[in-house]
Amino acid sequence: MGRVKGRLEEAYDPHKVEDYVHKFWDENSIYLKVKEKSSKSKKKYYFLDGPPYPSSNTFHIGTAWNKTIKDSMIRFFRMKGYNVWDKPGYDTHGLPIEVKIEKELGLKTKKDILKIGIDKFVQRCMEFAKRNVEGLTEGFKDLGVFMDWEHPYLTFKDDYIESGWWMIKRAHEQGLLEKDLLVHHWCPRCETTLADYEVSEYVDLEDPSIYVKFKLKGYDDKYIVIWTTTPWTLPANAFVMAHPDIEYAEVEVNGETLVMARSRVEKIMEEAGIKDYTIKKVIKGSDLEGLEYTHPLEDEVKAQELLSKYHRIVMAPEAVTEHEGTGLVHSAPGHGDVDFEVARKIGVPIVSLVGDQGNLLDGAGKYAGIYFREANKYIIEDLRRKNALLHESTIVHKYPVCWRCKTPLLLRATEQWVIKVSKLKDKLIKEAETVYWQPEWAKTRFINLLKNVRDWVISRQRFWGIPLPIWVCKKCGHIEVVGSREDLERLGGKVPENLHRPWIDGVKLRCPKCGGEMERVKDVTDVWFDSGISFYASLGYPRNKELWNSLKPVDFITEGHDQIRGWFFSLLRSGVITFGSKPYTRVLVHGFTLDEHGFEMHKSLGNYVEFKEVIERMGRDIFRWWAMMTTTWEDMKFSWAGMEKVKRDLSIVWNVYNFALTYMSLDSFDPVNNSIEEFSETLKPEDKWILSRLHRLIKKYEGAMYDMKPHEAARGIRDFIIEDVSRWYLRLIRRRVWVEEDTVDKRTAYAVLYYILKNWLLLAAPFIPFITERLYRELVYKSGDGYESVHLEDMPSYKAELISDEIEESMNIAREIIEAALAARMKAGLKVRRPVKRILVAPVSRDIVDKIDPFRHVILEMANAKSLEIVEEGFIESQMVRSVEPDYRGIGPEFKQKSRAVVDLISRYSKEIADAIVRNGYYVGKVNGEEIRLEPRHVKIRADYPDWLSVEPSKVGLVAVDSRLDKSEILEGLAREIVRRIQFMRKELKLGIEDDIMVSISTDDEAISEAVRAYKNYIMREVRGVEITGDPIQGYRREWDIDGAKVVITIQRVSDRNGRQ
RNA sequence: GGGCCCGUAGCUCAGCCAGGUGGAGCACCCGGCUGAUAACCGGGGGGUCGGGGGUUCGAAUCCCCCCGGGCCCA
């Protein structure tokens, strides 16, 4: 047999609660028990953690939100009986960490790294990552995230690297792996290519701005004009791009014909200082297609021997605008991205004439050996000499520089390893179509991206990353892609102690084709490579195939909307490359965390809030619930005020449970032997109402969680406990639990209250795991009911038969009436404490009458009325009394001097005059003995309710309070005034609710004395008085004023129920 | 420059997909309640629903354009 005996501190203190719960979880291994329970289930739920990047040991508020969403979902599915896979991960490789270590070690260039040794450098990177992983893990645990923190997946582990190799092998097997020339930004000082995301810094730089004439073949003195700020790329010119739809003009200048965009002519002529020019002809860009030209530096540049046969005008709308330049774009495919793409499309060879250190190569002929930016002046000089320079000036523009050494970058074609993802485009889209996205628009956005999918450059010339498992035969050029450590040994290699560079670099293989020695390509993979394979790599596939085969596919992933293009995409790409299918089925996209004004939070902007501060000032549950209530996929504006509000809500939750605990333990309520099923016959309508509300909540909650709308569930539990339970149900059952005797009615109320409060804890547990644990321990576990921890519970399912539209509608009507009645009382100045005789309701429709019935008692109690009368529509209005007021504009001109007397008459016989005028249209009266006739123009007719009737409209009809009080109501009201004051004094003495008191009331007021006599028993019951006397007694004495009368009240504690003195 | 999202009271946000008299909380003012009490309840003031145009009997809601913010691309 159980019994409620839990206790709570007076007020909700989140830190006390959370410290207590953390300690409880730790000491009792609650996480392991939860996991163990869940692991027995056959229903699998594969959650995959998007691995955060450990660049520091603390995390952003957005990361906390991210993990809270994951934790809430995991907890829900565990409680729903799923066997949830919950391995967290960290994305540990990549350039950001390399750069941090370079800074730590004071290294400035790639050469410096080679100098201290790759082994030492990589070692430091690994230590750095491990250190931060530990810090982050502490933070996530502290937030209450129940994941497998003892066994996270770390992308730098050898096993993970091996899984990565396997994918590259899979790509190779399908003919998707290629070595290719690609244009990328290059730092000539660090001698490395930079990925797009690394090109983020720009400075204002002065460069030449030149207009160059290319002579058209087959014409005399006819030239096309191009514009460039990078003259050093001219030696590598292969063709010229034009827009088919732009108009071009043939401009005559000094006997030469120059071709340029029509819209640019004036601008260019002005810039070049040419006043004397004529537009001879306007043609469409498409007319230029295929025209061949002669390169002005043909004789100076060796590479032009190859390139000259491609010199012609090519249509490339994507490369040409009319905003700047000449509408004719010089194209050097080895040094420009669009140029490169176009060259690829039309089959022009890619020639790059700049070497690793930024010097022009031999192919650049007379300019060979010159640093690229230095070469500009020689090239311009030669152009001028050859009469190919139309105009020369300089321009200051934003130019990208290396984010580490600030050297201006250049675009350069280099050989990189590529997976030809574009070949998989249709498959990618087809697979993506069958993924369920929340919200819907994320899918649209995702598919749009896939339509423009590009090949994937996986190689980086770096150190801290998964080494490319590609070996090339020095003798015959044969390529082997190694998919595992086993492959390595099979090909005659020795597995090194660590699969990273530089250890792997030393591994030589024997060529299976010619027996020659094979060496590894020195590159590592792109950072996106690592996290994209996590769906199988984190499970140890392909070494351990069973786990992935039993868990696949991933059932749930969630990350911010930046990951639509990021992780969600890289996972799909890897899934299609490896298994030919999508790796996940359901995706929830969440928003970003912005500052209070909707701007990005940045340390440099000064609007950054440390998550640690949120925990210190608020608490874990407060943050979690607040974050989970914001619409998941929308950006979240950070708000201290928003969290304060949640704190208030949690305080109310605390008070609700405190209320229940106090009374249930006082009455030794036994929830185990008083389950709600026992009381099905004695449920009052309000009990049925709250049960209906609860089950409606469960239904909505469950639907929201399965549909990945956790914010709807989080808001739902809030509205239920605050609006339905605290603000309403608790007020309705107070009187029932205050009675001392053990009544069925009281036990029914307890059983219902216990049932809804226990179930609410289960629903709320995924979101606010700390306070629910604490309350569960006190209310449920200590009562001998349930489990050791709320998180070991089973999530309730809704019972459709308990959801009643009728009872809820009835309650809504009752609440409407109560609200209107209270408003009417206020208008009449009637305190709620004083009872009124009756409330009248004139419903707008007759069907409301029956619906009011179940809650008559509720209306009477809440509005403090003796009776409720349903009256006919129109009855209340019929009580209105007509009267008139003088209308001076009508009276003055007619009655002149008699006006004042007429006004007197009107106010004296206001009602009679009103009736007469309404009935007959006029009223005849006497003023100074003289008969006068009043007509509508002399008065304003008004209709008012009588003083004793206060009326308030409501949605269900007019509600009126009859404020005429009989003596009995007056006396009862006075008795309640006395009670209130005694209660106040009890509170002042800090008496417990079980303490009994002796009361003395002395007053000269006749009515109050009578009220005390008449309601003695009532007063005694209400204030736990053992006796009420008019004689003076010892004790706490206080003088009061009740309706202007002096009342002296003295109270003295005698003993409590258990006889304690 | 393109794709997607957001913009509703002083503040934080529901309502929008399925058009039908604009809501909640906080803050402010007034009143009430008082055995959950540093709690609670009622009332009041406060809105060009970012701006403009269109569809419709009727638009916060659907369509188009613009402005501001966010993410991702170029």
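Quick note: numbers below take in every heavy atom, side chains included, and nothing from hydrogens, waters or symmetry partners. Quick note on labels: first sequence line is chain A, next is B, and so on, each numbered from 1.
Between the CG atom of Leu8(A) and the C1' atom of A39(B) there is a distance of 15 Å, rounded to whole Å. The nearest whole Å value for the distance from the NZ atom in Lys709(A) to the P atom in A14(B) is 14 Å. Rounded to an integer number of Å, the gap from CE of Met862(A) to P of G32(B) is 18 Å. A straight line from CG of Asp635(A) to C1' of G70(B) spans 5 Å, rounded to a whole angstrom. When rounded to the nearest whole Å, the span between CH2 of Trp441(A) and C1' of C6(B) equals 9 Å. Rounded to whole Å, the distance from NZ on Lys647(A) to P on A39(B) is 12 Å. Taking atom CD1 on Ile564(A) and atom P on G2(B), their separation rounds to 20 Å, with Å as the unit. In this structure, CZ of Phe592(A) is placed 17 Å from P of G69(B), rounded to the nearest angstrom.
By the neighbour-count criterion of 12 heavy atoms within 6.0 Å, atom CD of Glu433(A) is densely surrounded, having more than that number from other residues, nucleotides or ligands.
Using atom C1' as the reference point in both C66(B) and U56(B), the two lie 23 Å apart (nearest Å). Between the P atoms of A27(B) and U61(B), the separation comes to 32 Å (whole Å).
When the nearest nucleotides of RNA chain B are assigned to Glu819(A) and Met636(A) by heavy-atom distance, the more 5′-ward of the two goes with Met636(A). Residues Ala442(A) and Arg565(A) each lie close to RNA chain B; by heavy-atom proximity, the contact nearer the 5' end of the strand is made by Ala442(A).
Using a 4.0 Å cut-off, some side-chain N or O of Arg715(A) falls inside it from OP1 or OP2 of A14(B). Listed pair Lys637(A) / C13(B) meets the phosphate criterion, a side-chain N or O lying under 4.0 Å from OP1 or OP2. Contact annotation: Ser651(A) does not reach the phosphate of A38(B) (side-chain N/O to OP1 or OP2, under 4.0 Å). Dashed line: the shortest gap from a side-chain N or O of Arg454(A) to OP1 or OP2 of A74(B) is under 4.0 Å.
You'll find that the side chain of Asn448(A) is closest to C4(B), out of C71(B), C72(B), C4(B). Checked against C71(B), U37(B), U34(B), the side chain of Arg445(A) finds its nearest nucleotide in C71(B).
Between Glu9(A) and Arg774(A) a salt bridge is recorded (basic side-chain N to carboxylate O distance below 4.0 Å).
Side-chain N/O atoms of Arg648(A) and base N/O atoms of A39(B) include no donor-acceptor pair closer than 3.5 Å. The base of A36(B) sits with one of its N or O atoms less than 3.5 Å from a complementary donor or acceptor on the side chain of Ser726(A).
Residue Glu644(A) is out of contact with every strand shown, counting any heavy-atom pair closer than 4.0 Å. At the heavy-atom level, Arg976(A) lies under 4.0 Å from the strands shown only through sugar-phosphate atoms. Using a 4.0 Å heavy-atom cutoff across all strands shown, Glu634(A) reaches sugar-phosphate atoms only and no base atom. Residue-level contact check: Leu730(A) touches the bases, meaning some heavy atom is under 4.0 Å from a base atom. Among the heavy atoms of the strands lying under 4.0 Å from Trp738(A) are primed sugar atoms or P, OP1, OP2 only; no base atom is included. At a threshold of 4.0 angstrom between heavy atoms, the contacts of Arg825(A) with the nucleic acid are absent.
Pairing for C49(B) is absent, with no Watson-Crick or G-U wobble pair whose two atom distances lie under 3.5 Å. Judged by Watson-Crick or G-U wobble contacts below 3.5 Å, the nucleotide C4(B) has G70(B) as its partner. Of all nucleotides present, only C11(B) satisfies the Watson-Crick or G-U wobble test against G25(B), with each distance under 3.5 Å. Figure legend. G42(B) is base-paired to C30(B); pairs are counted as Watson-Crick or G-U wobble with both atom distances under 3.5 Å.
Listed for the Trp528(A) side chain is no donor-acceptor partner under 3.5 Å among the backbone atoms of Gly566(A).
A ring-centre distance under 6.0 Å is not found for Trp65(A) and His60(A).
Seen from the ring of Trp738(A), Arg734(A) does not count as a face-on cation partner, given the 6.0 Å and 45° thresholds.
His711(A) and Thr631(A) form no side-chain donor-acceptor contact under 3.5 Å, judged by distance and modelled atom types alone.
Aromatic ring orientation, Phe638(A) versus Trp626(A): perpendicular (interplanar angle above 60°, classes split at 30° and 60°).
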